[in-house]
Amino acid sequence: MIESLEMEGPRSDEIMVRLVASGICHTDIDLCDSWDEADRAVVLGHEGAGWVERVGKKVKSIRRGDHVVLSYQSCGRCIPCRGDNPAHCQHFYRANFGFQRLDGSNALERSGVRGHFFGQSSFATHCLATERNLVKVTKDLPLEILSPLGCGLQTGAGTVMNSLKVPKGASLAVFGTGAVGLAAVMAARLAGAHPIIGVDKKPKRLHLALELGATHTIDNRRQDVAARIAHVTGRGVDYVVETTASPQMHHLAVDVLNPEGVVALLTGESGTDSLPEGRKTLGIIQGDAVPQRFIPKLIKLHQAGLFPFDRLLRFYAFGDINRAIADAKRGDSIKPVLRIGEG
Ligand SMILES: [Zn+2]
Ligand SMILES: [Zn+2]
């Protein structure tokens, strides 16, 4: 439902962004599906991109007119944040899923609606962000292409490049070749991993995985995943990136692992290192990326033709948000992007 709301202007440490586009991520869709009608309405969206319309007095690094991509929020004060590790912010849940600022206030209060989702709420024409979750980007590329870098693509690529630091020649399987999984495939190709095995139940997505860097694919509706992985790798795999959140796939990921192998869980679950022979699972958030460094890096790789994430995108008018969500649920749209305003 698209409605007009009243929003406060930016506080001294905030920036008001005029949104040009927003990606739709599975977290938005899951929250939509599980929302209780009795709860207060919220503005979702957490892959926004746009230009800066107003800047609070204390903001130093951002100016009016800058092009920006929005990412996840962090507090900036806790030990992980001060240690340059904001994905482990001690207030991560409250800052991103609290639907309010960390001080408990809410800029949409007067309309009886809650915002500040991931420090943005980007399914809107305007939103408030801070220097911590806003990334200044080049004006050479359209903002509608850059918008999904802030969550899904950063998570998939960051898992391979930052969290696992996959070395050249390591074997890797990606369970679920949606936007997050395909970003992991592209990053694995950049890292020189081999083989790179894509596992999914949608043949169209597996086909794209092959084009983007997978050396092998497995259709898990038709093939025995464990047997195929054993056949391709000779014994087991060094890394599994698990994006499906299916308990069955989680177990399978551990079963196909080499000794010392690692499963990266991109599903909100936490990891464990008490598995036999040095195997472990790691719960990973946002690919351990510091957005202000990692997103410009992904943009440079994209411009060099090495991270062609634009191939995952499908564009929709803002008013067609429900159709975009339906297409994403059916798997017909890998990364839907809403066109919200003029670039
Ligand atoms: Zn923090
Ligand atoms: Zn997301």
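Along the sequence shown, the residues carry numbers beginning at 1. Atoms within each ligand, like the ligands themselves, are counted from 1 in listed order. Computed from a predicted structure; not experimentally measured.
Checked by atom type and distance alone, the side chain of Gln120 pairs as donor or acceptor with a backbone atom of Ser71 at under 3.5 Å. At least one donor-acceptor pair closer than 3.5 Å links the side chain of Asp28 to the backbone N or O of Cys25. Counting only distance, with no hydrogens or angles, the side chain of Arg314 and the backbone of Asp332 share a donor-acceptor pair below 3.5 Å.
With respect to Asp13 and Arg101, no salt bridge is recorded, no charged nitrogen being found less than 4.0 Å from a carboxylate O.
The set of protein atoms (N, O or S) found at less than 2.8 Å from the Zn ion (ligand 1) reads Cys75 SG, Cys78 SG, Cys81 SG, Cys89 SG, by chain and number. Under 2.8 Å from the Zn ion (ligand 2), one finds the following protein N/O/S atoms: Cys25 SG, His46 NE2, Cys151 SG.
Not a single side chain to side chain donor-acceptor pair (under 3.5 Å) links Arg54 to another residue, sequence neighbours left out. Among residues two or more places apart in sequence or in another chain, the side-chain contact (heavy atoms from CB on, under 4.5 Å) test is passed with His88 by Pro80, Asn85, Asp288.
Taking the side chain as every heavy atom from C-beta outward, Met161 and Phe294 approach each other to under 4.5 Å.
The distance between the ring centers of Tyr72 and Phe92 falls below 6.0 angstrom.
When only modelled atom types and interatomic distance are considered, Thr130 and Gln73 share a side-chain donor-acceptor pair under 3.5 Å.
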